[in-house]
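Reviewing the structure listed below.
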2 protein chains.
Amino acid sequence: MVSIKDIAKQAGVSISTVSYALNGSNKVTDETRSKILAIAKELNYVPNAAARTLKKRESKILGVFLTDFSGDVYGDLLSGMKSVCNAQGYDLIVCSGKQSHRMLPERMIDGAVILDHTFASKELLQYADRGHKIVVLDRELDHPNINQVLLDNKAGATLAMEHLIEQGHTKIYVVTGPEGSFDSAQRLKAVRQVSEREANVEWIEITGDFEKSGGERAAERIIQEYSQPVGVFCLNDEMAIGMCDRLAESELNIGRDIDIIGFDNIELSKYVQPRLVTIDYSKRKWGALAAEQLIKIIAGDPVDHERIYVTLVEGGSVNSQVQSDYHGHTQSEKAVSY
Amino acid sequence: MVSIKDIAKQAGVSISTVSYALNGSNKVTDETRSKILAIAKELNYVPNAAARTLKKRESKILGVFLTDFSGDVYGDLLSGMKSVCNAQGYDLIVCSGKQSHRMLPERMIDGAVILDHTFASKELLQYADRGHKIVVLDRELDHPNINQVLLDNKAGATLAMEHLIEQGHTKIYVVTGPEGSFDSAQRLKAVRQVSEREANVEWIEITGDFEKSGGERAAERIIQEYSQPVGVFCLNDEMAIGMCDRLAESELNIGRDIDIIGFDNIELSKYVQPRLVTIDYSKRKWGALAAEQLIKIIAGDPVDHERIYVTLVEGGSVNSQVQSDYHGHTQSEKAVSY
DNA sequence: TTGTAGGCGTTATCAA
DNA sequence: TTGATAACGCCTACAA
């Protein structure tokens, strides 16, 4: 491995001169600089990241932690983060699984974005206490070294519920996410609030898991209990699609016997038949904002918590018109922002 | 930041003793070890990765480089890689974009898996020359420090073409990937070979881009030229789905006027109407094998290039039966492995 | 403008 | 069984 020492020897200068030249310091003659640069290139010199990181106490790398690599949500989110990172001189790496948590405390990365509810809040707070900078996307956490960029779950869930209620539904199933999911809990809370305002609406909670299988299981229960047109709010699209899959094998017709609405507007939801009504938000912006916030707190700039706004996307999966002209609205309205 | 030096001071021993104790060496009394461990825990000691990497000249981190973060192919691939990595004491990070190439030459990672055709082969060879270990998933590269784990593109493309020909198609459009894509080139080569054997089959190449938009553009051309039932082999599912989307707006009926087959068996292909015929392979296994190979060459074990086998998945998107009993086959056969 | 030297936190080689 | 000490490759006062 060729180091600045080798370059120094070859150029007949000291290693500090080489270091200065390489780092573009102006404490060095143009002449020596170009000579050193030429030799560096000739020798195929590449700086050693570990040494630099050790000395400078920063790696210029940011990490994002995901529960798994598969989610459809992640693509845009990550590319949003990446573009901000790169523009600010940072590199982005994507990590998953408990093993890689060490990257943060061991100072391999300068900061982390968390979208992984299996990452314990207690652990995060511990890291924050030690001075590590963190942005959380999936929980509320109060600490000077932690910033939040959260979805406006309340608005989204409210939009969804009201959309179903506007169709005249008085019986609404709500399929939740897994135990411990912040998003699920928040959305559920909004569901509760809405239904408290609407005396004639009965809602039934079904425990799900944010995966297709959860939607399928929920579908089976609904099929069994079916007696009248119902609305279903799946707290994410994945489950909504699992439900549609299962329902397609039954005699119930989506958009007639049963109205379904999801959350996330993943790509698939546009392909399912009929098009899934869902709650949309800019995943790219979410990621970009998270990266911005992280870089700011690393720089020591003060930041406030941020919120990502949502809209309702209409489609054929809600179409029942159980009771027309309820509240004077009709399903034909365009997407509305909350 | 608390270092072994602090622990040493607190424990009244030297830093080397601390290092030994922390690394589980048996050159240290159980008594002193437990004392040191206790103090380390009490002080919240965390080793510094940069220092360790600098000294040991290895990071125990492997990197995988992707063109972008969005592809549907990646989820299973990455989780396959991760499980192998973790089992072998490595961590996995996912990178994208030119900026992050530096991770390899700067020795931040111990090796790389490449699935990014924008990563120049010349650059990879350069790194390999310097001793870096690499596994390529998207090209052929001959170098002692580089191993290949490639899809059996030839088998897949052959299966696809023969499936269309068995329907009686004598006119087949082939929609390619972007310039420079190895997979596209290989699949195209197989197409050429098949059609050389089949004198009465005419095939037309349309340049695509492996994205939905390319499939849409191809669809438009096919609609314009349409005069008789045709077969279309899109060299990946993404384009096939773009084509289906566009065709849905036209008068041509998929599976009757036009037969479509893709490649990759992405999740979406099961949701498109009718179900897309495609070429399937285990993405998880692909990733797992790539990781295994990489770890082996890092360890200095000799390895051969590997191949991932493919199968044909049937569906409604090929159903025309242009000319029945061609070759004595019918479309109702089950998926066959090549 | 360039050189000397100390140190970042570890590991590892010798002595003791 | 433990302790000094020298690296690993780089940066950066401070000196020359």
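Below, chains carry the letters A, B, ... as their sequence lines are ordered, and counting in each starts from 1.
Within the nucleic acid shown, Ser19(A) comes within 4.0 Å of at least one base atom, counting heavy atoms only. Residue-level contact check: Val46(B) touches the backbone only, with heavy atoms under 4.0 Å from sugar-phosphate atoms and none from bases.
Between dA12(C), dG3(D), dT10(C), one nucleotide has an atom nearer to the side chain of Val13(B) than all others, and that is dG3(D). The listed nucleotides are dT10(C), dC8(C), dT1(D); the one nearest the side chain of Asn48(B) is dT10(C). Listed nucleotides: dC11(D), dG9(C), dT2(D). Nearest to the side chain of Thr29(B): dT2(D). Listed nucleotides: dG9(C), dC8(D), dC10(D). Nearest to the side chain of Arg57(B): dC8(D). Checking dT5(D), dG3(D), dT2(D) against every side-chain atom of Thr32(B), the shortest atom distance belongs to dT2(D).
The main-chain N or O of Asp116(B) is found under 3.5 Å from a side-chain atom of Arg139(B) such that the two form a donor-acceptor pair. Judged purely by atom type and a 3.5 angstrom limit, Asp301(A) has no side-chain atom pairing as donor or acceptor with the backbone of Ile297(A).
There is no side-chain donor-acceptor pair under 3.5 Å between Gln99(A) and Asp91(B). Side chains of His117(A) and Asp183(A): a donor-acceptor N/O pair is absent below 3.5 angstrom, by distance only.
If you measure from atom CE of Met1(B) to atom P of dC8(C), you get 11 Å, rounded to the nearest angstrom. Look at CG on Asp6(B): it is 13 Å from C1' on dC8(C), rounded to the nearest Å. Whole-Å rounding puts the Asn23(B) CG to dT13(C) P distance at 13 Å. Here dT4(C) presents its P atom at 13 Å from NZ of Lys5(A), a figure rounded to the nearest Å. Regarding Lys27(A), its NZ atom lies at a distance of 9 Å from the C1' atom of dC14(D), rounded to whole Å. Atoms CD (Glu58(B)) and C1' (dT10(C)) sit 13 Å apart, rounded to a whole Å. Atom CD1 in Ile7(B) sits roughly 12 Å away from atom P in dG9(C) (whole-Å rounding). Summarising the geometry, the separation between CD1 on Ile15(A) and P on dG9(D) is reported as 12 Å, rounded to the nearest angstrom.
Here Ser16(A) does not reach the OP1 or OP2 of dT2(C): none of its side-chain N or O atoms lies under 4.0 Å away. Taking side-chain N and O atoms only, Ser14(B) has a distance below 4.0 Å to OP1 or OP2 of dG3(D). Note on Tyr20(B): every side-chain N or O is 4.0 Å or more away from OP1 and OP2 of dT10(C). Side-chain N/O atoms of Lys55(A) include none lying less than 4.0 angstrom from OP1 or OP2 on dC8(D).
The side-chain heavy atoms of Asp110(B) and Leu62(B), taken from C-beta on, include a pair separated by under 4.5 Å.
Where Ala51(B) and Asn26(B) meet DNA chain D, the nucleotide closest to each residue was compared, and Asn26(B) sits on the side nearer the 5' end.
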